[in-house]
Peer 1: 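Submitted below is the structure of interest, expressed as structure tokens.
Proteins come first, then strands; the chains are lettered A, B, ... in the order of their sequence lines, and each starts at number 1. These figures come from a predicted structure and were not determined experimentally.
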2 protein chains.
Amino acid sequence: MSLPHLLLGMLDVPATGYDLKRTFDRTLRHFWAAELSQIYPTLQRLERQKLVRSKRAPSARGPARRLYRRTGAGRRHLLAWLREPPQIGDQRQAWLGQLCFMAETGGTKRAAAFLIELRHHFTTRVAAYDEVERVWFREAPGFPDDLSLDDLHAHFTLRAGIARANAAIAWCDECLARLHRRRA
Amino acid sequence: MSLPHLLLGMLDVPATGYDLKRTFDRTLRHFWAAELSQIYPTLQRLERQKLVRSKRAPSARGPARRLYRRTGAGRRHLLAWLREPPQIGDQRQAWLGQLCFMAETGGTKRAAAFLIELRHHFTTRVAAYDEVERVWFREAPGFPDDLSLDDLHAHFTLRAGIARANAAIAWCDECLARLHRRRA
DNA sequence: TTGATCATGTAAGGGGTTACATGATTTA
DNA sequence: TAAATCATGTAACCCCTTACATGATCAA
């Protein structure tokens with residue numbers, strides 16, 4: 001039940017469904033993803049609940065846009081969510097499930113290859129996040145301790161992604177070292 | 001699409017739906033959760049697909065049990081999954097969404113309280129995992145480098161949970177320090 | 001005798017993905 | 001002229017959660 005809240009958070013500034021999708025992909029993707037086929041109906045529902053309202057607006061190119069903006073009730077709804085305790089769901093990690101049963105493959109070779117593949121995945125991710133951090137935040141005025149409040153919180157979430165990916169890399173190394181010692 | 005594979009992995013040894021639920025809660029919960037209302041129909045589906053078969057068995061207490069065991073096809077299905085690349089889905093973290101829009105609350109006080117609550121959550125989690133590690137693995141013969149292959153891989157997944165939670169704690173501290181410097 | 005544990009299920013509903021449908025404009 | 005981008009949606013399907021239904025046995 002968080003997508004509606006995230007949309008309300010983003011509707012700080014009026015936007016269309018298409019705009020919001022871009023924001024997900026560009027600036028929130030390290031902790032949330034959303035498809036257009038989910039965003040459009042959710043916006044419609046929020047409008048029925050009077051948490052946003054919309055009006056048609058001409059488009060420079062392509063079909064007419066539907067511009068959404070947050071209502072007062074929408075803002076209050078968002079604030080209520082922000083006052084709630086951290087919403088921590090259980091994170092299902094299928095790749096840990098794969099590793100967990102890797103003994104079925106009969107040795108440690110597949111596990112080692114699997115961990116190397118994982119390590120590569122996370123180093124690529126860290127590199128991507130580092131790049132985002134470099135162009136998005138390190139150039140912002142007042143980095144790091146005098147950013148705007150919005151940028152500060154956004155930067156916190158990016159740091160979380162970086163911290164998590166780096167921890168995963170260190171964990172891969174620990175596991176690979178143990179597999180290696182085991183052979184010797 | 002991983003629950004069926006996890007069930008196949010656990011059905012190394014014959015078990016009932018109820019047994020499998022307990023295994024989720026006791027030994028896999030740091031990376032996966034499953035409800036009985038999901039496990040039972042999934043087992044039925046696996047049986048229709050001939051990946052497991054079942055027979056009724058009397059119970060020492062309570063109603064009759066349905067004992068499932070993996071078929072040869074089931075084992076091959078599992079092995080195919082283990083040969084696939086790491087299945088990394090996008091992890092949605094609603095609490096990062098909350099933090100991201102916390103500037104709406106108008107200051108840094110709510111963010112600081114929120115981070116302290118998060119930190120507490122993760123320290124509790126690390127303590128619980130450490131305890132599991134102590135009673136489950138450190139007592140096992142050959143710890144840490146001569147565990148059975150099954151235990152070794154299971155321990156890897158637990159270490160991943162510990163690493164992740166510790167990274168989250170360090171991240172909370174980093175954020176709290178920045179909020180603190182900002183006030184000064 | 002009340003509640004916990006054992007044991008198996010169904011039903012309703014929300015969240016999310018992939019695929020499909022439509023069509024205008026801009027760029028290569 | 002073909003492909004990418006802009007723009008909004010619907011349909012089918014899977015995954016998961018919460019709640020409900022049923023009933024036996026055992027320990028306090």
Side-chain angles (χ1 to χ4, degrees), chain A residues 1-8 14-26 28-29 31-49 51-68 81 87-94 97, chain B residues 1-8 11 14-26 28-29 31-49 52-68 81 87-94 97:
Chain A
M1 257 279 285
S2 309
L3 178 64
H5 298 109
L6 294 174
L7 293 174
L8 288 173
T16 67
Y18 199 84
D19 295 334
L20 294 165
K21 166 63 170 161
R22 239 177 322 179
T23 304
F24 274 114
D25 290 347
R26 288 184 188 165
L28 305 185
R29 76 142 115 215
F31 69 86
W32 204 272
E35 298 301 323
L36 282 169
S37 59
Q38 200 191 355
I39 292 171
Y40 286 125
T42 303
L43 286 170
Q44 290 166 12
R45 201 178 78 216
L46 286 171
E47 185 156 29
R48 283 198 302 276
Q49 298 169 333
L51 300 176
V52 304
R53 60 196 144 75
S54 74
K55 63 175 177 205
R56 295 212 151 268
S59 170
R61 90 190 216 191
R65 294 148 56 83
R66 181 170 290 278
L67 251 193
Y68 285 89
W81 186 60
Q87 310 269 294
I88 302 176
D90 31 31
Q91 45 263 3
R92 291 181 163 80
Q93 279 141 218
Chain B
M1 258 278 286
S2 308
L3 178 64
H5 298 109
L6 294 174
L7 293 174
L8 288 173
L11 282 173
T16 67
Y18 199 84
D19 295 334
L20 293 165
K21 165 64 171 161
R22 239 176 323 178
T23 305
F24 274 115
D25 289 346
R26 287 184 189 166
L28 305 185
R29 78 143 113 214
F31 69 85
W32 203 272
E35 300 300 324
L36 282 169
S37 60
Q38 199 193 354
I39 292 171
Y40 287 125
T42 303
L43 286 170
Q44 290 166 12
R45 202 179 77 216
L46 286 171
E47 185 156 30
R48 283 198 302 277
Q49 298 170 335
V52 303
R53 61 197 144 77
S54 74
K55 64 174 173 206
R56 296 212 151 268
S59 170
R61 94 188 214 192
R65 295 150 54 83
R66 183 170 289 280
L67 252 193
Y68 285 90
W81 185 58
Q87 310 268 292
I88 302 176
D90 29 33
Q91 45 262 6
R92 292 180 163 78
Q93 279 141 221

Peer 1: Counting distance alone, no hydrogens or angles: does the base of C/dT18 have a donor or acceptor under 3.5 Å from a partner atom on the side chain of A/Ser37?
Peer 2: yes
Peer 1: Between B/Asp90 and B/Arg65, name the one whose nearest nucleotide on DNA chain C is closer to the 5' end.
Peer 2: B/Arg65
Peer 1: Can you measure A/Ile39 atom CD1 to D/dA7 atom C1' for me and round it to whole angstrom units?
Peer 2: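 Interatomic distance, CD1 of A/Ile39 to C1' of D/dA7: 13 Å.
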Peer 1: Starting from the 5' end of DNA chain D, give me the residue, B/Ala33 or A/Tyr68, whose nearest nucleotide shows up first.
Peer 2: A/Tyr68
Peer 1: Evaluate the side-chain proximity of A/Thr16 to A/Arg66: yes if any heavy-atom separation is below 4.5 Å, no if none is.
Peer 2: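 Side chain of A/Arg66 against side chain of A/Thr16, heavy atoms only: no contact under 4.5 Å found.
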Peer 1: Name the nucleic acid region contacted by B/Arg92, choosing base, sugar-phosphate or nothing; use a 4.0 angstrom heavy-atom cut-off, strictly under.
Peer 2: sugar-phosphate
Peer 1: For B/Arg45, report the nucleic acid contact type (base, sugar-phosphate, nothing); a contact means any heavy atom under 4.0 Å.
Peer 2: sugar-phosphate
Peer 1: A/Pro63 has a side chain; which of D/dT8, D/dC16, C/dG23 sits nearest to it?
Peer 2: C/dG23
Peer 1: Output yes when at least one side-chain N/O atom of B/Arg61 is less than 4.0 Å from OP1 or OP2 of D/dA24, else no.
Peer 2: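 Result: no.
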Peer 1: Starting the side chain at C-beta, find the nucleotide from C/dG14, C/dT5, D/dT5 nearest to A/Tyr18.
Peer 2: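 The nucleotide sitting nearest to the side chain is D/dT5.
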Peer 1: Starting at CD of B/Gln49 and ending at P of D/dC14, how long is that distance when rounded to a whole Å?
Peer 2: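 The answer, rounded to whole Å, is 11 Å.
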Peer 1: Are B/Leu11 and B/Leu46 close enough that some pair of their side-chain heavy atoms sits under 4.5 Å apart?
Peer 2: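 Contact flag for B/Leu11/B/Leu46 side chains = no.
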Peer 1: Assign each of A/Ala60 and B/Gln44 to its nearest nucleotide of DNA chain C by heavy atoms, then name whichever residue's nucleotide is nearer the 5' end.
Peer 2: B/Gln44
Peer 1: Please pick, from D/dT17, D/dC16, D/dT8, the nucleotide with the shortest atom-to-atom distance to any side-chain atom of B/Gln38.
Peer 2: D/dC16
Peer 1: Evaluate side-chain contact (heavy atoms from CB on, under 4.5 Å) for A/Tyr40 paired with A/Glu35, printing each intermediate quantity in order.
Peer 2: CA-CA 9 Å; A/Tyr40 286 125; A/Glu35 298 301 323; over 6 Å; no
Peer 1: When you measure from the side chain of B/Tyr40, which nucleotide among C/dT8, D/dC15, D/dA7 comes out closest?
Peer 2: C/dT8
Peer 1: Without decimals, in angstroms, what is the distance between A/Leu46 CG and C/dG15 C1'?
Peer 2: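 Atom-to-atom, A/Leu46 to C/dG15, this comes out as 14 Å.
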Peer 1: If we ignore hydrogens and angles and just use 3.5 Å, is the side chain of A/Glu47 paired with the main-chain N or O of A/Ser54 as donor and acceptor?
Peer 2: yes
Peer 1: State, yes or no, whether a side-chain contact exists between B/Arg45 and B/Pro4 at a heavy-atom distance under 4.5 Å.
Peer 2: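 The answer is yes; the side chains approach within 4.5 Å.
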Peer 1: Consider the side chain of A/Leu3, meaning its heavy atoms from C-beta on, and name the nucleotide among C/dT10, D/dA7, C/dG16 that approaches it most closely.
Peer 2: C/dG16
Peer 1: Please pick, from C/dT8, D/dG9, D/dC16, the nucleotide with the shortest atom-to-atom distance to any side-chain atom of B/Thr16.
Peer 2: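 In terms of side-chain proximity for B/Thr16, the closest of C/dT8, D/dG9, D/dC16 is C/dT8.
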Peer 1: For a quick check of understanding: with a heavy-atom distance under 4.0 Å over all strands, which category does A/Ala64 fall into, base, sugar-phosphate or nothing?
Peer 2: sugar-phosphate
Peer 1: Distance check: side-chain N/O of A/Ser59 vs OP1/OP2 of D/dC6, anything under 4.0 Å?
Peer 2: no
Peer 1: Taking all non-hydrogen atoms of both residues, which atom of B/Arg65 and which atom of B/Pro58 are closest, and how far apart?
Peer 2: CD-O, 3.9 Å
Peer 1: Whole angstrom is fine here: how far is it from CG in B/Leu36 over to C1' in C/dT5?
Peer 2: 12 Å
Peer 1: What is the distance, rounded to the nearest whole Å, between atom CG of A/Asp19 and atom P of D/dG9?
Peer 2: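 Distance check: A/Asp19 CG to D/dG9 P gives 13 Å.
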Peer 1: Could you state the atom-to-atom distance from CG of B/Leu6 to P of D/dC16 in whole Å?
Peer 2: 9 Å
Peer 1: Output the rounded distance in Å from NZ (B/Lys21) to C1' (C/dG9).
Peer 2: 15 Å
Peer 1: Nearest whole Å is fine: how far is D/dA7 C1' from A/Leu43 CG?
Peer 2: 13 Å
